[in-house]
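Working notes for the structure below.
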Amino acid sequence: MNQVLTPAAGITKGSFGEVRLERVGKIYEKEIERLVALDEFSLTIERGKLTVLMGPSGCGKTVLINMIAGYEQPTSGTITLDGRPVQGPSCDRLVVFQESALFPWMSVYSNVVFGCQVQGIDPAEIRAKAELILRKVGLFEFRDKYPAHLSGGMQRRAELARALINDPKILILDEPFRGLDAMTRELMQEFYVGLFEEFGRTNLFITHEIDEAIFLADKLVIMTYQPGKVKAEIEIDLPRPRDFKMLASSRFMQIRAQTLELLYEESSKAFASGSKAAFDLVGALASSKDSCRIAG
Amino acid sequence: MKTPRGKLLKKVFSARTLRGLSSIVLFVVLWQLVVYLKVPYLQNLPYPEDVASHGLAAAVSTGYWIDWGLSLSRIFIGFIAAQLLGIPLGLAIGISRVFRGFTFPVFEILRPIPPIAWIPLAILFWPTRELSIYFLVFIGAFFIIVINVIQGVSNISVNLKWAAFSLGAKPNDIFWRILLPGSLPSIITGMTVGMGVTWNVLIAAEMIAAQGGLGRTTWEAYTNHNIPYIVVGMVSIGIAGYLCSTLLRWLGEKAMPWKRKF
Amino acid sequence: MSTSRKTGLLNPQIMRALIGIGVFLALWYLLTAVLQLPRFKLLPNPLSVIAEWISFEPVSGRSIFTKAFYLDMGFSIARTLIAFSLATFLGVLLGLIMGWNRIFYDFSFPIVEILRPMPPLSWIPLAVLILPGVELAVVYVTFIAAFFATVLNTLLGVFSIDKNYFLAASCLGSKPKHIFINIVVPGALPFIFTGLQIAMGVSWMSLVAGEIISGQQGLGYAIYEGYSLFQFDQVVCYMFTLGILGYISSAGIRALGRRLMAWESRRRGA
Amino acid sequence: MASETKEPGAIRIKHVSKIYDPQGVHVEAMRDCSFDIAAGEMAIIVGPSGCGKTTLLNAIAGFDDITAGEIFLDGELISSPTYQIKPNVDRMVVFQNGALFPWKTVIENIAYGPMVQGRLTKAAARDKAREMLEWVCLNGMEEKYPEELSSGVQRRVEILRALINEPRVVMLDEPFRGLDAVSKTVMHEFLMQLFCNRNRTMFFITHDLDEAIFLGHKVVIMTTRPAQVKKIVPIDLPWPREHRIMNSKRYLELKGEILEAVHEEAKKAFQAGERELA
């Protein structure tokens, strides 16, 4: 897949944005319940860097994305993009969703050009741009197919193309490779990291997979469980361009062990507070306390 | 390598096809036998060949085809009216919470009333019998389509709407390019289900109140004690209903190429 | 604090519903009783309908205080109940066996497919002629309506079961009867209940038609009788009665389904 | 707890091939696969998606037939083109997407096997099931339905449901797919402990190479479709293993070796997949 990565003039470089979250809080009030999803969350998503966010389920990652994208408003604090406050959805902050959000009733081509079309860009320009980007992601021959007729990996590439053609200042990816089989997932990571290394752009990537996180990231942010806060920021100093062989490097394994430790700590806390998402730890904590040993 | 023809032959002569055919033959033989042996209650059934000869006689008569035309035109007029009113109403209820709050309860009060129970009021209200039958057919399809459209709209993933907003879509784009195609599968389902109910309602309405039509001739065959023709009528209604559903399925496939499987 | 805002009559949800219903009734009244527009003046107005329904001495002889009303209801309910239970029993059984046994499916499915497109109501003349007594004919028509809906949904239900459950069960040493009881029946249950919901709706409709066309007694019959005797208030009363009964019966099925499928409702509740 | 027979569960796979041919679509899933799994060995199978690993599992379990070759279990023929032994309690499968019966509670699920086999009465089977749950510290889960549990716990229950039948071989088809890193760690420790105490032959399909090396006695790498054995890598790390081992030099060497082989096949498979769709 690397062979398709030749520079394409249609995708402009340099529209890098910087997102600053300052003491952001988000509280949900439902009936009598009061859920503090985020509390005093401060983070800078640096210009041109790939920031990866991890944390136990239910730590407010999705809320965070929704607020950066402008689908929801924070209860307190400010979110700014290049110094200007974020208000409502806009095409300078595009999200690639967990479950594919390609419009199933449009062909790949129509999906990719949708944004440009509704913004009223000149059709000839759209066509040229779309062709370039479709070739870039290796989907040019598939442009007339519907999303359901593509493989999972192709769908993800189509979605990346739909976002990139609009030249967003920040690209937000919410567990984009979830649901793909392990093999496709690894190849997509390679493809995506290649794309990133070529074009830069500010990226925020959310994932559950520890290997994926370390393989991709410039900076790894680990969140705490309810209320969501920044627990740790780890600079990933693996050299770029990244290569799959790094997965077997000792530096990689070191970072992995360190990250796992932090995540385990958070999951235990989540488990202790009764989160169903951290349920997997049941039995594990008990057996580690030696209160109950497996005996043949 | 196998030739396509070989594949076709294999399919035609597969165990499944043979079983299916033999079961149909068995069914006809059993029917014959039941009548021949004068099994209690079922002895009044006509012989299959009687039905067949009556069917053939009907197929070459103009009156029979006029009945087809009458029934089909009633179905289409009532059905299309139901879609024309039901789809916009469903979309409006599905999109606007406020509108839903006002209209849905009334809708829910009227919906459980069986369409056939509307017959007397329909006859009373509409100036002609024909109009009242259109109305009944309309009622049969209307509630189902509305419910399905509402479901269709609310089943559209919020991510799709958000994605469209992010990409710069205006409410107008969202409606025409997201909500409408997104609820299309439910609309088609609603139409298919509605079509089944509609035929049911039409037959009852024709039996009770119409002049001409497949339901009416079946009923007249009953009053004349022409039992083979009753069966001919039933089979014709079955075929007509089946053709209508097939037409809808075909339309659905045309309208939703993205759903097609390879 | 925030809870108080959402409950009570001031809740916008309930307010809107009440306003909606109020506007509907007012409009109905306006059209039929006040403005008396050409065709509308033939229809009964809501006040007279309600007055008739709760009157001690109804003109039609039928209100919630008369025996006749409950007799009509009883007949209809009994017919539906008999037909529906029979259809459920036979339909579920047939559907399960068809879905479970490939060979039986190959033999029986074509026949089901041939008989199914005939609307249940087209059976009325034949049923009246062949079956002794009108009562049986009405029940039969109601039965046929529910039967096919149940068979098809049960069949779909069995086909919807994840193949892995069958494989896992065979690994665990199940014999066919175990697979039937432990996999096929519970696995198809969600679809069976969808089928029963649909079947219930169709049954009521067919019942009414059967009663109108060939019946004696019952709500459908009374509706038509009311029409021929110019008791239009009674017609509307009975329409709503049918609506209420239909609603209650499908609610009953839903409740039963929730009880039988604890694993589903608990998941949703969680 | 161990069965009486001495070290049962050796599998021999000899020249196995499988061609699918439903209605003339000719798909060669496996070609001439041969390898052995010793009794009590944890054999990990890795290879690109859709390469035919599951086909092999189905053949051993008796779910599907093969077109050529033979499979033996403890010297006894269990599958050949003309002869197959039906799925049985001596070969248990834990499925990819989980196959706990959603309409049965945890304890009913575990007790199901011994009950339908007529080995234990209902009460005895439930007691045994409860004992097993306690044994792995999952007590308190008895009356829950599977879908109320997290996927990690579901998987553990499913493994218990297999083990209660004392099978000769346990086959796991990507059982920990989709779990997050922490849950996976818990699952690995769980399986490690189980394995150390109740030594069974395991046939374990996975994509996660860390999982493969951490748990396996040997890793069998398959090629893209039609599946052939590309390489068998014995894992010579000492038992029992702890996560610390992942930083050892030998571990990284093994991982590098396997990574390269798998990656090569994955790319081939991927390109073939794109061609097919075009």
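Numbered from 1 within each chain, the chains take letters A, B, ... in sequence-line order.
- Separation of atoms CG (B/L167) and CD (A/Q119) is listed at 7.5 Å; rounding is to 0.5 Å.
- For a residue to count as touching a neighbouring chain, one of its non-hydrogen atoms must lie under 4.5 Å from one of that chain's; by this rule A/R93 touches chain B with the backbone only.
- Counting heavy atoms from C-beta outward, A/P147 and B/W258 have side chains that stay 4.5 Å or more apart.
- Rounded to the nearest 0.5 Å, atoms OG (B/S157) and CZ (A/F97) are 7.5 Å apart.
- The candidate with the highest count of non-hydrogen atom pairs below 4.5 Å against chain B, out of A/S90, A/A148, A/S110, A/S100, is A/S90.
- Residues A/N66 and B/W162 meet the side-chain proximity criterion, which asks for heavy atoms closer than 4.5 Å.
- Heavy atoms of other residues, nucleotides or ligands lying less than 6.0 angstrom from OH of A/Y71 number more than 12.
- No part of A/D92 comes within reach of chain B, as not one of its non-hydrogen atoms sits under 4.5 angstrom from that chain.
- When side chains are defined from C-beta on, A/P104 counts as touching B/L160, because their heavy atoms get closer than 4.5 Å.
- Within the model, atoms NE2 of A/H149 and NZ of B/K259 stand 10.5 Å from one another, a figure rounded to the nearest 0.5 Å.
- For the set A/G115, A/A163, A/G70, the entry with the most heavy-atom pairs within less than 4.5 Å of chain B is A/G115.
- Contacts of residues 175-196 of chain B with chain A at a heavy-atom distance below 4.5 Å involve B/R177, B/I178, B/P181, B/G182, listed in sequence order.
- In this structure, A/R47 places its CZ atom where more than 12 heavy-atom neighbours from other residues, nucleotides or ligands lie under 6.0 Å away.
- Under the 4.5 Å side-chain criterion, counting only non-hydrogen atoms from C-beta, A/W105 is not in contact with B/P257.
- Looking at B/N159, both its backbone and its side chain come within 4.5 Å of chain A, counting heavy atoms on both sides.
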